[in-house]
Q: 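Sharing a structure below in structure tokens format, with a few things to ask.
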Amino acid sequence: MSHVLALSGGVGGAKLAAGLAAVLPPERLTIIVNTGDDFEHLGLTICPDIDSVVYALAGLNDRVRGWGVAEESWQAMAMLRRLGEADWFNLGDRDMAMHIARSWRLRAGETLSAVTARLTRALGIGACVAPMSDARLATLIETDAGTMDFQRWFVGEQCRPVARAIRFAGAGAPPSPAFAGALARPDLGAIIVCPSNPFLSVDPILALGGVRDALASRRVPVLAVSPLIGGAAVKGPLDKLLAERGAGTGNAAIAGHYAGLIDHLVIDRQDDPDAGGLRASGLFVTVTQTLMHAPGDQARLAREILKALAIP
Ligand code: GDP
């Protein structure tokens, strides 16, 4: 029985990660999560993408709001505001507990991998969820108003400044032990790139030392699920970035971005007309419903992907 390695960003990736976790036994799944968006805020270490994946796998995610924890309250945030502290980044009370638990353990000397393993175990998650690296690799957005930390651009500026370039400070950092271990597993059956933002969520993972080479010289299929539905992002700045980066449009742009790294692209039914061109470029293409509204959609898509990969 082969092992599956999934690469994920935040909300979009977390949906498929949760689907894979629902259909695969935990010992057969490793989920590696982008940490390029991580930042320090009010003395706390916040890992937005890890949290999105953890909340989704633990069934704690707020499906209506689309991010954070369900049944959240905002008392601490209101008090922080009264105390005159920065309020540009919303922190719910339950979410804040996660950041506190993580931050003090990190400060006590645990690695992010160890802390993440501890927190996922505590929340009853069986699959391995690990950061892409225990070293810092930070996504920076270069704009006309200067270089911005990712969260300042994404949340503080609501992605408004044109992204002239995206840089990764700390590129070449080593993959985490779980990531390096999964890539080297003799029983690795496939690598799945979740439907995450290629520029902001997947490129940081690819910027780690040796990862691009490991994917390019793969001995297993590498499949990506397109984050586009009907030619557009479900949510977030992907459409804006595709335009600003001059990277083309539609699934041809996604395939072009991952050229040489993937051999299989899963696209949505609405984008069926893209399939012919993608296949002509040499890719395997699976066309199905990739919009995941509910946990049932997540598990269905995960099952279809494993079937397409001939992974029992
Ligand atoms: P973030 O780090 O929280 O922005 O999350 P990701 O990078 O993991 O995901 C953002 C991408 O997910 C966006 O480009 C969306 O288009 C895509 N996305 C969100 N939900 C879905 C879905 O249900 N299906 C597909 N195919 N893509 C999705």
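Sequential numbering from 1 along the given sequence is applied to the chain's residues. Whatever order the structure lists them in is the order used to number ligands and atoms, beginning at 1.
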Q: Below 4.0 Å from any atom of ligand 1, which residues have a heavy atom? Give them in chain and number order, please.
A: Gly9, Gly10, Val11, Gly12, Gly13, Lys15, Asp49, Pro195, Ser196, Asn197, Ser201, Ser226, Pro227, Ile229, Ala233, Val234, Lys235, Leu238, Thr290, Leu291, Met292

Q: Hydrophobic cluster mates of Leu291, side-chain heavy atoms under 4.5 angstrom, ILVMFWY only, any path?
A: Ile229, Val234

Q: Does His3 have any ring pair (Phe, Tyr, Trp, His ring centres under 6.0 Å) partners at least two apart in sequence or in another chain, and if so, which?
A: none

Q: Is a side-chain N or O of Arg136 found less than 3.5 angstrom from the main chain of Thr35, in a donor-acceptor match?
A: yes

Q: Cation-pi between Arg65 and Trp67: NZ/CZ under 6.0 Å from ring centre and within 45° of the ring axis?
A: yes

Q: Report all side-chain donor-acceptor pairs from residues 83-92 shorter than 3.5 Å, counting only partners two or more places apart or in another chain.
A:
residue, atom, partner, partner atom, Å
Asp87, OD2, Arg81, NE, 2.9

Q: Calculate, to the nearest 0.5 Å, the distance between atoms CE and NE2 belonging to Met96 and His41 respectively.
A: 8.5 Å

